[in-house]
Every structure is written in structure tokens, then in C-alpha cells.
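Reading through the C-alpha cells given below for one structure.
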Amino acid sequence: MFNMPVMNEQVHEYAIVTKALNREFKVRLKAEGLLASVRNFFSPASKTVNAVNDLELQINRGDIVGFLGPNGAGKTTTLKMLSGLLVPTSGSIEVLGYTPFNRDHAFLKSISLVMGQKQNLWWDLPPVETFAIHRQIYGLTDAEYKSRIDELIAMLEIADCLETQTRKLSLGQRMRCELAVSLLHQPQILFLDEPTIGLDIIMQKKIRSFLLDYHRRFNPTILLTSHYMDDVAALAQRVIVIDHGNKVYDGHLTDLTNKLHPEKIISVLLNDGEFVCKLEDGCRLIHHEGQHYRFMVSRNRVPELAARLYATGNIADLTIEDPPLEDLIGQLFTPDSQSR
Amino acid sequence: MAMFKADGKFAVLIAYFKIILTYRAMMLIHAIRLLLLPLVLASAWLSIEKTASNPYSDSDYLLYYLLVPVIMNLTDSRVVFKFSQAVKDGSLNRELLKPFPPLMSYLLESLANNALQLLYLVPFTLVFWLFVRDRVLLGHLKPSLLLFFVVAIIIGTLARLVVSGSIALLSFWIEDVTTLNLILNGGIWALLGGMIVPVATFPENIRHIAELLPYRYMLSFPIEIFSGRLSNSEIYIGFATATFWIILFAIIMHIIWKSGLKTYTAYGG
């Protein structure tokens, strides 16, 4: 364990390092029926669940890392341990040279955890009041506060909702204000747990675009969990996939996509008529409606087939895309994928 | 003051003032709750015939129950309700993630609530006093007594806070601490603290027990000082006894907090 914080940029090239990190939870059990309730009263039954198993992480400063996994995989538990909310059962964590659970104020001033839309905002006060309180707690100078808040208000387009009671804001407004307050102290590490959950597609895109912009300007380390794979695809260069507390993949998103699905989708819209070409090896039709066709094509044949399709002269539109990331990740958690 | 302001405590206190002022109706309901029971009890004690062994006259009862709502309010603590809720719904997470003492927020909320409640309680008390002023004797009041009275209120507030805080922190292990709070910090407090019956009117052996326990110092003790019923030595012994309990429960709180955080499961977001 690392008890003494040593804030030395050269020594701590990694923002986050975990070694053999474990977290167990004791879960109370009770069978159905009155008799079971009575038995449970005298002798409560429980079982131990390993939410995180021997997790080894090394995350570089300034990286954006997507943390993926099904419900109950251990993603949020890991984020809570990394931010100091939970004490690990065993193993060690070093975040910016600090042991998170010690909750040093210098550590807490260097991180932010965004978990839902009421993590940092004061529910009964307008966001502008939360910002002012946050400024005092984090000891920002007048100049720092003014320049940062103006910048965040502009980037997140929240000028019109600053004086409305937080509980009366829409989900999207709350999320943007939540991000503003979380970033006001310019954390070096940003933990984002489902930052776009419940938001419509337009708002999801706005949040993603803001995060990319913010990262470009201030280069924080971002660890992100999301059920919306578009979030991960848009933001993270690297993904870590965990299942039942175990790390099952750690690497580039494109490598994961290639590994799991060595095919791409070519969508074609014809000017008129029907598609009459013969389907060749490595190419199959997966959808057809009117003059719109979708083919699943081996990656190595995509350039050649796309060129040939254009050459027919009957193409109104042609797009090439990866299969939905949800499908790919879903494959990772099917029983027959465990041997991959 | 500069330190208090610089690390955000003042900003948080002011924030709670703002929140409480937003809910004016709730404040009024709390004030009525605080006034109602002492009024009923005062009426009951005034209507019964006093025995010779009862050291309290009608005037004493009137003064006592005029002050009960004010002292009850000043020493009140909402920490049990607020903290147990925060552990259950995970909102304690947000306190733990700030570079700010997590329990301070609950203390400041209680402080803001108790201070603002006076906006209703003081005028109500003054109106009641106007009705009975010729029966309430205040001629004995002098600055030193008022100073003891203020110190006793501060000590009483701290005593109630640490006892309530210790019960609240059990939320790390017990799903619902409100019943336990109702017993220890409600029923026993009302009985031994002097809400139902002034401690000075207890039978002697029970009064001795009450004087040793922390509850008397949360309510009856400041009123006994204000009424001029205690000698200086009795006041000093009272301060020492209450201070002992405050230190003991502060240590208990610290131990429970350290140990509780290790078991905290940080449910919710």
C-alpha cells in the first residue's frame, strides 16, 4: 500500500496503478417462504461475492479509457475504489501517487467522480449556488473561478439554467451542470460512470463532443463506463473489458473490433433498379428493403468490393461501418466466447 | 473566521440557510411541533395540585415550559435522520468525495436549521411570555447567570450532537437506526432530559441518576441555570459531567466512523 503521497510527475508516469485488486461483498440470502424467514431470523445466511478479482491496471496520464462490461461486472465498484469511496478487500491502488481510501484533501482536489446527475449538485439550490460553494471548498481564487466557470458555461451551453433550482432542471441540463461543477477544480482524473445515461441522442452527442473538446484542452485522464457503446467509440482509444470482476480484455478498441468481428458492413442505396450482381465469397446480404442493401463483408475485401460497387454507376450512396459495438461486446460475454 | 470561510464551511452553512428558507412552511410546522407538547405539559402541570415535596411552583413550571421549546430547538440534531438516509441512498458518497470533513456538512445543516427555527420560536415565546409575564419571575437574572446559561446551551448542543452522531453512525451496520434513536434519543431523553417532568422534581434517587447521565444537560440543565435554581458549584459539576460525556461520545463516534467507512458499501450514485 502507498501511504505517503509523493506528487512527482516524473515518478508517477501512470495516473492509475492497481495490483491484485480485490473487493468482496457479503450478500444476505433468504429462501422463499415463512419458514425460511423464521430460519433466517435465527441463523442469517449469506454468501461472499467477488465484485472485483485480481484486477491489474496501468493507466497513463492523459488517456481516455473505456471501462466496459455487463451489469454487475464490477465497473462501478472499481471506480468507487479508485475514487476512495470503497476500501479494497486486498491488493493495492495508487492514483496520482495517493492511496485513494486515505482521502487526502490533495487527492480529492485532483479527482472528480460523475455518477448520475445529482452527485455534486445541490438539489435544492440553483447550479450557480453549487458552483460558488464548490469554489470555496476547493479553494479557487476569484480569477481561477471566474475564468473557469465562464469557459465551462460557454462550452456546456448552460447559461440559461444557472439560476433555476436544480431539481427543476431537465435531465440534460442537470447532466451538463453536473459536468461543469465536477470540472470546476480542473481535476487531473475524471471518473465518469454512465455520463449519458437517460439522455436523448442529441444530448448524448453534445456531452461526447464536450468531453472530447475538454480533453483536448486540458488533457485530464478519463476513465469512463457507459452502456452506450457510441460513447466509448467516440471517446476512448483504449478499452478495458471486465466480466464477473475479471479483466477479459485490455487494449485498443479497433483491435478488439477486429478480433471479435473480422467483417464490416457496406450499406448501399441504388439510384434505381435492383442489385443484380452475384454475391461472392466473403460477402453476404444481411438486409434488403427497396433500393437499400446492407452487406456483411470481410475486412480485407472491403476496398475492392466498394470500388466495384461504385464502378456499376448506379450508386446513390455508399457507407462502410463497423458492426454495432453493442453486438461485439455482447459476444464477449456469451458462454462460448469465454474460450477466446 | 478566515479559516472557516476559506475552506468552505461558511459557504456550506449559508447554503443550508438558503435551503431552509426556501421551505418556510416546513419551518412553521417544525416550530408548531416544538411548541405543542411543552404547552400541553405546562397546562397539565399547572392544573394539578402540587404536593408539599414538589419544589416547583406554578411560576417555576411556567418559566420552565416557556423555555423548553427554545432549548429543545437549540440543542436539536437532525444528524440521525439525515445520515442514515445518506448511508442508505448512497448520498454519503458526495460528502466523501469532497475535500471537506464529511460529518461537518450534517453538523452545519443542524446548526442552520436550529438557528433559523428561532425566527418562529422567539416571537411565539415572547407572545406567551407577555400573557404570563406577571407570573414569571426574572428578577434574579444577572450577566454571570446569562453567561452560564449560554455556555450550558452550547454544551447541551454538543452533548446531543455526539450522542445523536454515535447513533447515526451505526447506520453503517444497522439498516434502520430511527427506532434505536427513538428509544435512546427520544423516549429516554424526554424522560431523563426533563421534557415531560423537570429533573429537579424527580424523586431524589432518580434525580441523582439523571444528573449522572448526559440527557439532563441537553434540556433541563440550561433552564435550571436560567431559573436561578443552581449554585455555582452545582453549575460547575454539571459542566464537568456534560464535558465527560461529550468527550466519551466523541471518541466513540471517531471509532465508529473509522470502522464504519471500511464496511461502507457506497450503494447508489
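None of these values were measured; they are calculated from a predicted model. In the text below, chain A, chain B and the rest are named by the order of the sequence lines, each starting its count at 1.
To the nearest 0.5 Å, atom CG of residue B:Leu97 and atom CG of residue A:Asn120 are 7.5 Å apart. With rounding to the nearest 0.5 angstrom, the CG atom of A:Leu125 is 4.0 Å from the CD1 atom of B:Ile19. Rounding to the nearest 0.5 Å gives a distance of 9.5 Å between CG of B:Leu96 and OG of A:Ser83. The structure places CG of A:Leu108 at 11.5 Å from NZ of B:Lys98, a figure rounded to the nearest 0.5 Å. Within the model, atoms CZ of B:Phe100 and CD of A:Gln136 stand 10.5 Å from one another, a figure rounded to the nearest 0.5 Å. In this structure, NZ on B:Lys9 lies 14.5 Å from CD1 on A:Ile133, to the nearest 0.5 angstrom.
Counting heavy-atom neighbours within 6.0 Å of A:Lys30 NZ, excluding the residue itself, gives a total above 12.
For the options A:Tyr138, A:Trp122, A:Phe25, heavy-atom pairs under 4.5 Å to chain B are most numerous at A:Trp122. When each of A:Thr77, A:Asp124, A:Ile111, A:Val87 is scored by its heavy-atom pairs under 4.5 Å with chain B, the top score falls to A:Asp124. Contacts with chain B were tallied for A:Gln165, A:His185, A:Arg103, A:Glu129; A:Arg103 has the most, counting heavy-atom pairs under 4.5 Å. Among A:Lys109, A:His105, A:Arg23, the residue with the largest count of heavy-atom pairs under 4.5 Å with chain B is A:His105.
The closest side-chain heavy-atom distance from A:Ile137 to B:Val12 is below 4.5 Å.
Contacts between residues 246-262 of chain B and chain A, defined by a heavy-atom separation under 4.5 Å, are made by B:Leu261, B:Lys262.
Contacts between A:Phe107 and chain B at a heavy-atom distance below 4.5 Å are absent for every atom of the residue.
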